[in-house]
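Atoms within a ligand are numbered from 1 in the order they appear, just like the ligands themselves.
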Amino acid sequence: MSFTRQLSEMSASELNDAIDDTNFPQAHILSRGRNNSVCSTSSTSGTSSLADRAQASQPEETIAAHPGTPLEDIVAPVATLAGNQRPRLILKTNGSTPDSDGHEKCTFHHDLELDHKPPTREALLPDMARSYRLLLGGLGENPDRQGLIKTPERAAKAMLYFTKGYDQSLEDVLNGAVFDEDHDEMVVVKDIEMFSMCEHHLVPFYGKVSIGYLPCNKILGLSKLARIVEIFSRRLQVQERLTKQIAVAVTQAVQPAGVAVVVEGVHMCMVMRGVQKINSKTVTSTMLGVFRDDPKTREEFLNLVNSK
Ligand SMILES: Nc1nc2c(ncn2[C@@H]2O[C@H](COP(=O)(O)OP(=O)(O)OP(=O)(O)O)[C@@H](O)[C@H]2O)c(=O)[nH]1
Ligand SMILES: [Zn+2]
């Protein structure tokens, strides 16, 4: 199945229903990483061999191991490729169609319709600025005092920037940087900075993302992993959904044997207000394919993520 065909076959409502917050499988609790983004590749010697991984990720076992878990409604391993022992993960579709206008009901929905590209949001600036002006009034401020005259427009532009991921589609961001390559060892890009907006309080959460995948004869331009993080972090989010969306997008881009994503976030809604736990960190992970089914592969990824 070609990449373009997969995009056109995806149903946003199907994906969103299957990967919603209530159905999300248990997140793994992990130890802390570090500050700067580092790209690593790893060989399998001494840890999980190619044969081990292939054995651990037979299609039947993968499906049977997690009956009813929603991510398997979305990604599934397909038959072994010629000359490659590892089943490749793809996004599943059931042929259902999107809404008649091709979009969900809300204007900028947060689902997994990865190719969704709304009409220009610049047109929303005047309405947003008017809302911020009302907000200033609501705070008891005088929106016409000198320092605040341009604030509604500035704030509207800033909010548009914080949510610019709604304007990006996976296909545009990838820009064709998917390369045929006979490489079947783990690729990890770690400590990718992330800034997002908590959808419950409209305040930031920020942190870092580590992504690993096991290629099946296709590799992704390295910067594209960081760009995928941008698409989904620059939206109103919860950290759990952000983690899943990144994993699903990487799956869609290169149909690897597995994808692993770990996100470590600091939520300002828990720091500046509310429980005010200034040192708390939230760690979420999504493990797909061989990373979910083979403890050695998962361990190899976590060792790379946690190494200096
Ligand atoms: N699971 C999850 N929860 C989040 C995220 N960001 C914020 N929240 C939580 O959303 C919840 C909203 O709870 P409410 O009780 O409705 O709101 P609240 O009164 O402001 O809650 P407090 O933050 O406890 O003061 C809080 O528990 C937040 O910590 C996230 O990314 N994931
Ligand atoms: Zn919040």
Sequence neighbours excluded, the answer for salt bridge (Lys or Arg N to Asp or Glu O under 4.0 Å) partners of Arg273 is none
Under 3.5 Å, side chain of [X] to main-chain N/O of [Y], donor-acceptor pair present?
{"X": "Lys244", "Y": "Thr286", "answer": "no"}
{"X": "Tyr166", "Y": "Leu236", "answer": "yes"}
{"X": "Glu264", "Y": "Thr282", "answer": "no"}

So CG of Leu160 and CG of Asp167: to nearest 0.5 Å the spacing works out to 6.5 Å
Between the CD atom in Gln252 and the CG atom in Leu174, the distance rounded to the nearest 0.5 Å is 8.5 Å
Side chains of residues 134-144: which donor-acceptor partners sit under 3.5 Å, not counting sequence neighbours?
residue: Glu141; atom: OE1; partner: Arg145; partner atom: NE; Å: 2.9
residue: Glu141; atom: OE1; partner: Arg145; partner atom: NH2; Å: 3.4
residue: Glu141; atom: OE2; partner: Arg145; partner atom: NH2; Å: 3.0
residue: Asn142; atom: OD1; partner: Asp144; partner atom: N; Å: 2.9
residue: Asp144; atom: OD1; partner: Arg133; partner atom: NH1; Å: 3.0
residue: Asp144; atom: OD1; partner: Arg133; partner atom: NH2; Å: 3.2
residue: Asp144; atom: OD2; partner: Arg133; partner atom: NH2; Å: 3.3

query = Can Gln239 and Thr284 be said to form a side-chain hydrogen bond (donor to acceptor under 3.5 Å, both in side chains), step by step?
reply = CA-CA 7 Å; Gln239 187 174 319; Thr284 48; 3.1 Å; yes
Which of Glu199, Gln245, His200 passes side-chain hydrogen bond (donor to acceptor under 3.5 Å, both in side chains) with Gln237? It is Gln245
Within less than 2.8 Å of the Zn ion (ligand 2), the count of protein N, O or S atoms comes to 3
By chain and number, the residues contacting ligand 1 below 4.0 angstrom (heavy atoms only) are Cys198, His200, His201, Val238, Gln239, Glu240, His267, Cys269, Arg273, Gly274
